[in-house]
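First up is the structure itself, then whatever we jot down about it.
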Amino acid sequence: MSRLVCVSNRISLPRKSAAPGGLAVGILSALKRTGGLWFGWGGETIEQEPGEPDVHIREGVTYATIDLKKDEFELYYNGYANEVLWPLFHYFQRSMRYAPEQRDAYESVNRTFAQKLAPLITPDDVIWVHDYHLIPLGRRLRELGVRRPLGFFLHIPFPNIEMLRVLPAYAELLRDLTSYDVVGFQTENDLHSFHSGIEQLCGPEALRADGRIRVGDRTIRAEVFPIGIDVASVQSEALEASQAEVVKRMTDSLMGRALMIGVDRLDYSKGLVERFQAYQQFLEAYPDNLGRITYLQIAPLSRSDVRAYVEIRQALEQAAGRTNGRFADTDWTPIRYLNRNFPHATLMGLLRAANVGIVTPLRDGMNLVAKEYVAAQSAEDPGVLILSNLAGAARELSAALQVNPYDTRSVSHAIQAALSMSLQERRERHTAMLQVLKRNDIAAWTRRFVEALEQAHPPENARVRLVNQ
Ligand code: ADQ
């Protein structure tokens, strides 16, 4: 059995109050199952060159963290990763702000990651690199002589070649992806988009009939591995947290009103402005609901140094203020809008308490909150999930009430349909979705990816660099 080495931009050491994003939730639950090493940036930026990794062992998982140089980090993370790749990959071409220095920093940080990680790799390791911050890392590790299997998983969407071509260095990005042995995507759409890029770069003959990709004298696997959740753990967290003080206080404060909940990082891709609009249209179109429903939107701030995130934050504060100003009563606030984190278990308890879960991203790789909402429900009296058909999760969760997030009027009708849905229909939809979630849970996701890595044939001619050599 190989040792699993996961690499991601940011590591979150397990802390009770911490609220990791989707990627960290996925990696942590994968590593807790298999043990192994998690390597990445620890959250500190420094003036000088980064030193050796800090290593901690907790609950069978080894965490190795490095610092990054302050000036480079800004250009690499806020710049190239979050002002170039993130918007482009989510089809927000107009939010992209490209500058060549950002790309230089991106390359340089990936080189640093490779230099610090390579000495920690042992001959038993399989290496699983996560997400768009680290696309060049595989090539850099190969250059340093690492010849263990290398896999890459993209948590966000992959754009079609016509969108990808907007990126000045798109060919290098595709080439870097092909330096891995296994490349994983969330959905068939993302895989097709990747194929469209490979076809342009290497010609149609590179796409083999068995789904593998021929690159020079190597064959790589590019496949769909939709990320799942730990269903049993979400269920027990949700059940337990529903008795917790904070959840009880919230449900008491509803005074018998219905609850609709949204939980998203504050990000323009999550469709919050459109969602607030849809809710306002719902209150206008169905005035019987005035005073009878509370919409709780939890949206912790993220990437606050990036301009687009400052703008979206202002737009949301105004939209929530407008709706509340117009419709609130002395004893009722239509939207409760919170920019704060909660422990994961508390969040699951809040999801369970909600009659409607609203998840309407304008584009999303998968969206774990949609899956968590379904798993957190009580089977006897489940709530209804309203889900954007532009989220990766829409493929698997076909029994959700699916909406186009831009069509705010349809979303407003979906809210009404969710609130008035019969118990029988709610149960049928919930049972169907829960089955899908159990079949493809987080354990299945990890197992499938690691198996693919173990079967991979890394190039023979790379030199191996072992621990302490
Ligand atoms: P994210 O964009 O971060 O993930 P998502 O998939 O919804 O989005 O995951 C968020 C995770 O963080 C969930 O597990 C959620 O419970 C947790 N979380 C969110 N807000 C929280 C809060 N206030 N307090 C505590 N926990 C909170 C990226 C991609 C997604 C993809 C995931 C995983 O953008 O499309 O599904 O990675 O691959």
Side-chain angles (χ1 to χ4, degrees), residues 6 8-10 12 14-30 81-82 85-87 89-92 128 130-133 152-158 184-187 189-190 224-231 233-234 237-238 241 246-247 261-272 296-303 309 336-352 354 357-376 385 387-388 390-397 437 440 442 445-446 449:
C6 286
S8 64
N9 163 62
R10 178 73 199 264
S12 44
R15 268 175 293 136
K16 268 227 152 99
S17 61
L23 174 149
V25 169
I27 297 180
L28 195 59
S29 72
N82 287 328
L85 297 181
W86 176 273
F89 280 31
H90 285 84
Y91 290 79
F92 289 95
W128 186 0
H130 292 260
D131 234 3
Y132 57 103
H133 315 85
F152 178 84
F153 182 76
L154 186 68
H155 289 256
I156 66 174
F158 192 80
F185 298 97
Q186 298 272 28
T187 67
N189 279 350
D190 304 313
V224 176
F225 299 86
I227 192 168
I229 58 166
D230 185 336
V231 177
S233 145
V234 169
E237 275 182 346
V246 50
V247 177
I261 193 167
V263 177
D264 311 76
R265 270 186 313 99
L266 205 162
D267 191 299
Y268 52 85
S269 68
K270 302 289 183 185
L272 291 165
L296 172 63
Q297 176 62 52
I298 298 174
L301 304 182
S302 72
R303 303 174 194 169
Y309 290 76
R336 296 186 190 174
Y337 175 50
L338 278 65
N339 293 130
R340 53 164 290 201
N341 284 318
F342 288 92
H344 196 257
T346 308
L347 209 57
M348 298 305 105
L350 294 171
L351 291 180
R352 186 181 174 92
I358 187 157
V359 181
T360 50
L362 305 177
R363 185 80 57 171
D364 216 331
M366 176 57 64
N367 196 298
L368 293 180
V369 173
K371 294 188 167 185
E372 290 168 342
Y373 177 76
V374 172
L385 175 65
L387 178 61
S388 159
L390 297 171
R395 276 254 168 169
E396 289 168 279
L397 300 180
L437 294 186
N440 180 39
I442 190 78
W445 178 70
T446 311
F449 201 96

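Every number for a ligand or one of its atoms is a count from 1 in the order of the listing. Worth knowing before you read on, the calculation uses all heavy atoms, side chains too, and leaves out hydrogens, waters and symmetry mates.
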### Query
Just heavy atoms, cut-off under 4.0 Å: does Lys270 contact ligand 1 by side chain, backbone, both, or neither?
side chain
### Query
Does Ile298 approach ligand 1 within less than 4.0 angstrom via side chain, backbone, both or neither, non-hydrogen atoms only?
side chain
### Query
Can you check whether Phe342 has an N/O within less than 3.5 Å of an N/O in ligand 1?
yes
#### Entry: For Pro300, the ligand 1 atoms whose distance to one of its heavy atoms is below 4.0 Å
20 (N), 22 (C), 23 (N)
#### Entry: Donor-acceptor side-chain pairing of Arg303 and Tyr309 below 3.5 angstrom
yes
### Query
Which residue from Lys371, Glu372, His155, Met366 reaches closest to atom 13 (C) of ligand 1 through any of its heavy atoms?
Glu372
### Query
Within a strict 4.5 Å, meaning less than it, do heavy atoms of the Ile261 and Ile358 side chains meet?
no
#### Entry: Close-contact set for ligand 1 against Gly365 heavy atoms, below 4.0 Å
35 (O)
### Query
Between Asn82 and Tyr132, is any side-chain donor less than 3.5 angstrom from a side-chain acceptor?
yes
### Task
Examine the proximity of ligand 1 to Val369 and report which part, side chain or backbone, both or neither, has a heavy atom under 4.0 Å away.
both
### Message
Donor-acceptor check, side chain of Asp190 to backbone of Phe158, threshold 3.5 angstrom: yes or no?
### Response
yes
### Task
Would you please say whether a donor-acceptor pair under 3.5 Å links the side chains of Asp264 and Gln297?
yes
### Query
With sequence neighbours excluded, what pairs up with Ser8 under the side-chain hydrogen bond (donor to acceptor under 3.5 Å, both in side chains) test?
Trp38
### Query
Against heavy atoms of Leu347, which atoms of ligand 1 measure under 4.0 Å?
16 (O), 18 (N), 21 (C), 22 (C), 24 (N), 25 (C), 26 (N), 27 (C)
### Task
Please work out whether any backbone atom (N, CA, C, O) or any side-chain heavy atom from C-beta onward of Val263 is under 4.0 Å from ligand 1, and answer side chain, backbone, both or neither.
side chain
### Task
Of the side chain and backbone of Arg340, name the one, both, or neither that has a heavy atom under 4.0 Å from an atom of ligand 1.
backbone
### Task
Run the numbers for me: atoms of ligand 1, each under 4.0 Å from some heavy atom of His344, listed by number.
14 (O), 16 (O)
### Message
Below 3.5 Å, N or O to N or O, backbone or side chain included: is there any such pair between Asn367 and ligand 1?
### Response
yes
### Task
Would you check if Trp445 and Phe153 make a side-chain contact, meaning some heavy-atom pair closer than 4.5 Å?
yes
### Query
Listed by chain and number, what are the side-chain hydrogen bond (donor to acceptor under 3.5 Å, both in side chains) partners of Thr346, not counting sequence neighbours?
none
### Query
Are any of the side-chain heavy atoms of Ile229 and Ile442 separated by less than 4.5 Å?
no
#### Entry: Gln186: numbered ligand 1 atoms lying under 4.0 Å from its heavy atoms
31 (C), 38 (O)
### Query
Using heavy atoms and a threshold below 4.0 Å, how should the contact between Ile227 and ligand 1 be classified: side chain, backbone, both, or neither?
side chain
### From Asp267, Leu368, Leu301 - option closest to atom 6 (O) of ligand 1 by heavy atom
Leu368
### Message
With no hydrogens and no angle check, just 3.5 Å: does a side-chain donor-acceptor pair link Asp267 and Ser269?
### Response
yes
